[in-house]
Structure formats: C-alpha cells, structure tokens
Amino acid sequence: MPTTHPNPHAIAGMITRLNDPHYSRWAAQLRATGGCRQPIQMRGHVLHVDRATGRLLHNYTTTGEPDGVLRMPCKTRRASRCPACAEVYRADTYQLIRAGLAGGKGVPASVTAHPCLFVTLTAPSFGVVHTRREKNGKVQPCHARRDAATCPHGRVMSCTARHGADESCLGEPLCPDCYDYTGSVLFNALAPQLWKYVTDALRRRVAKSAGLTLRELREHLMLSFAKVAEYQRRGVVHFHAVIRLDGPDGPTSPPPSWATAEMLADAVRHAAHAVTATIPAIDDEPARVLRWGRQLDIRQITMDGELSDQAVAGYIAKYATKAAECVGTLDRRINPLDDLQAFNLRDHLRRLIAECLRLGALDELADLRLAQWAHMLGFRGHFSTRSRHYSTTMGSIRDERRDFARTEEITTGRLPLFDEGTVLVIASWEYAGKGFSVGDALLAAALTGKPLPPPPVLGGGA
Ligand SMILES: [Zn+2]
Ligand SMILES: [Zn+2]
Ligand SMILES: [Zn+2]
C-alpha cells in the first residue's frame with residue numbers, strides 16, 4: 001500500500017491527476033468501485049457479437065480508459081485494508097445471517113419458529129490477565145487477591161486497579177513469564193478443529209436424546225450453523241455461533257416437535273464440555289489436551305425477546321470484517337527472518353508471534369502452519385462460516401447486487417441493451433496491478449471523505 005501522507009511528491013501526483021483530460025472518467029471509476037482503497041486494475045476488452053451474423057455490435061476496450069486500465073473493487077472483508085469493501089462485506093453478511101433467522105432471500109418466514117440459539121464458545125485460561133469487569137454498572141477491581149501468591153518470577157498475582165475501557169494493559173498477563181504462550185497459540189491453531197468436533201458431538205447427542213442413530217437423525221432433522229471468530233484482547237479466538245434446528249430438508253421444513261430449544265441447549269452444553277483435541281509430546285514438551293474454556297454462553301434468539309435477530313446479525317456481521325489486527329497485531333504475514341523488535345507491538349503480542357515462529361519450526365507441528373499464521377497468533381481458520389443450508393450464500397447476494405448494478409448501467413446508457421441469447425460476449429482480461437499511486441491515493445481519500453490508513457509499520461510489500 002503506498003504511503004498517503006501529503007508529501008510534495010504525492011501532492012504533485014494529485015495535481016497531475018486533477019489536470020488530466022481524463023480526470024472525470026477517473027473519478028467515475030473511483031465512484032464505481034464504491035471508494036475502494038486498493039482497487040484491482042484490469043486491462044482488456046469485451047466484444048459483443050451477433051450470434052447469427054457474426055457482426056460486431058459493441059466493442060469495449062480499456063485502451064481509452066485513464067492509464068489504460070479499469071479499476072474494480074478489491075472486495076476484501078478486512079476493514080483495516082479497505083473500509084469501503086469491508087462495509088459491503090459486512091452488509092452482505094448481515095443480510096445472510098438475518099435471512100437465516102427471520103426469513104427472506106429464499107428462506108421462508110416460518111424459519112422464525114425453529115429453535116435457534118446464539119452460542120459463545122470461549123478459550124480456557126492460559127494465565128491471569130488484566131481485565132475489566134462491570135457489576136451493576138460499577139467497574140470491579142481487576143484481580144484483587146488478599147494474601148496473593150508471589151510467582152516464581154517475584155511478581156505478586158494481584159491487581160486492585162479498576163481499569164478504564166481503553167487501558168493498554170487489558171489482556172496483558174500479570175506475569176508474562178508465567179503465561180502459557182504455547183497453550184494460547186496451540187489453542188488458536190486447533191480452534192477450528194474443536195469447533196468441528198462440537199458440531200459432530202452435537203449431532204450425536206441430539207440423536208441419542210431422541211433415541212435415534214446418526215443415520216436416522218438425518219431423516220428427522222438438520223442442524224444449521226453460522227459462526228464467526230472474534231479475538232479477545234489476550235490474543236485468543238472465541239467463536240460466536242448461531243445454531244438452528246431444521247426439519248430434514250433444511251430451513252423450508254419444520255423440525256420435529258421433540259426438537260426444542262431446551263434440548264438443543266442441553267446438547268450444546270454437553271458437546272462443548274466433552275470435546276478435546278490432543279497435541280502429542282514433542283522433545284521436552286509434554287503432550288497437551290486442548291478444550292474449550294468453562295465460560296459458555298447460550299442464549300435463545302427470538303423475534304421479540306431480549307436477543308433479537310437484528311442484534312445477532314449485526315454482531316456476527318461486525319466481527320466478520322475484523323481480524324487479529326484489532327487486538328494490535330499486524331495484518332500481513334511475518335517472515336521468520338523479520339526482526340520482531342522492529343515491529344511496533346505490545347510485548348504480549350510479540351511473545352505470541354515469537355511462540356508461533358518457534359513452534360512453526362518443529363516438524364511435528366508442520367501441519368498447523370504456525371509460522372505462516374503467526375500474524376494471526378496461530379489461528380488459520382475462516383473468520384465467518386456457514387453450514388450449507390443455513391440461508392442463502394454470499395455468492396447469490398453478490399449476484400443480486402451485480403444484476404442491480406448492471407440494470408443501472410443499461411438504463412444510464414453505459415452498457416448496450418442486448419438479448420443475451422442472441423449475443424456472444426467475448427471478454428479478455430488481464431491483471432494490471434493493485435492500489436493507487438501516492439498522488440491518486442491522496443486524491444481518492446479526499447474525494448471519498450474517508451480517513452487515511454496509518455502508514456505501514458515496516459517498509460516492503462503487504
Ligand atoms: Zn476495496
Ligand atoms: Zn489489572
Ligand atoms: Zn511469573
């Protein structure tokens with residue numbers, strides 16, 4: 001990403017763009033990307049040919065566009081990289097989650113009657129960290145202990161401070177030398193597997209409570225999921241999930257009457273506490289058994305109750321556009337040869353990253369790819385996932401929006417109105433780069449009225 005500080009070079013570039021005879025077309029391209037901060041540049045042409053006569057009806061080429069390229073939105077989900085595209089992703093995720101709770105987008109409204117829970121699965125403790133808790137609107141002391149023990153490193157395991165919401169120590173261990181960095185990183189790495197085990201155990205438990213085999217269960221009901229990962233300040237992921245009971249054909253069919261929210265909640269509780277993932281012993285490291293933390297939150301989603309479909313959809317959509325950088329780590333891969341001291345990171349995060357790099361070098365843990373995912377503190381799963389029958393798909397929501405945009409382009413004269421059955425469309429595109437020059441970045445930020453991203457911590461590519 002180029003630096004977007006208004007230095008003389010950037011200002012000169014901006015003035016050149018403003019004086020360019022193709023300026024208005026450049027600005028139109030910027031608008032068409034929705035204000036994307038790092039548009040993809042494409043070079044190519046599109047031919048519309050009459051199938052019957054072979055006559056060329058329309059010929060579009062990027063040769064006449066500013067810089068000879070067409071700019072397309074980058075479509076990232078990550079707000080730290082492109083606020084405009086992440087906002088589109090957030091809105092699409094909201095629609096998708098909401099449809100699974102309230103109906104719409106091909107899901108019947110009768111889905112509102114299906115038992116549905118909002119579940120938060122947390123990580124276990126890897127050591128005492130500074131926290132902020134409120135009780136009846138009053139901030140509680142962080143970790144007050146009378147006769148607190150002193151750890152082997154000479155630190156007293158007590159903190160009586162009532163921390164502010166933005167205090168930088170939140171999530172930091174009381175003693176970093178006692179903190180189980182290995183466990184934290186391995187938990188992040190195995191969290192997707194633990195989630196998979198929960199869904200398997202859940203199906204088995206539901207089947208058992210109904211006196212059915214797993215195979216028989218499929219003829220009676222289907223479990224649908226949508227989940228999102230969120231980083232806690234201590235640098236471990238936890239998962240928020242919508243878990244819904246459907247009939248055998250998914251959201252269009254009602255679940256059997258014995259499949260209640262209470263039965264589902266009981267099965268979730270059982271599954272979350274039962275599943276484990278094991279890391280075998282390596283050299284002088286003992287074997288480890290990883291499991292979810294004891295904190296488990298299960299709430300029923302209802303249309304008019306305390307936890308509404310809008311609240312849940314909003315919550316999941318919000319976290320779908322965030323990644324580890326919201327706890328202060330980097331949003332790019334780390335090279336094992338990088339000098340970690342040179343990154344402007346909290347000590348706790350630097351230790352988590354260093355642990356990923358250390359464990360990533362062990363052959364026995366190669367499958368976890370910890371070095372590649374060090375910037376994510378070991379987590380390499382997808383941020384938001386849905387089971388196949390949850391509701392609609394991101395693809396069909398995007399198609400719907402593209403059809404709308406296409407209709408607009410036709411009515412405003414940008415695209416010729418041809419019958420797709422009789423016209424052959426031949427397109428040829430090649431990638432020509434990504435992002436803006438420094439001058440264009442400055443101008444784009446001014447035109448789209450969005451704050452400039454902070455400069456990268458280190459030089460070099462993203
Ligand atoms: Zn973008
Ligand atoms: Zn504290
Ligand atoms: Zn200690």
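For ligands, and for the atoms within them, numbers begin at 1 and follow the listed sequence. It should be emphasised that the depicted structure is a prediction, and the values quoted were computed from it without experimental measurement.
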Angle subtended at the Zn ion (ligand 1) by Cys82 SG and Cys36 SG, to the nearest 10 degrees, is 110°

Can you confirm whether the side chains of [X] and [Y] place a donor and an acceptor under 3.5 Å from each other?
| X | Y | result |
| --- | --- | --- |
| Glu134 | Gln140 | no |
| His389 | Ser224 | no |
| His130 | Glu172 | no |
| Glu285 | Thr182 | no |

The residue among His48, His45, Glu65 that forms side-chain hydrogen bond (donor to acceptor under 3.5 Å, both in side chains) with Tyr60 is Glu65

Row for the Zn ion (ligand 3): angle SG (Cys151) to SG (Cys175), 10° precision, value 110°

The SG(Cys142)-the Zn ion (ligand 2)-NE2(His163) angle, to 10°, is 110°

Closest to the Zn ion (ligand 2), among the N/O/S atoms of His130, is atom ND1

Of all the N, O or S atoms in His153, the one nearest to the Zn ion (ligand 3) is ND1

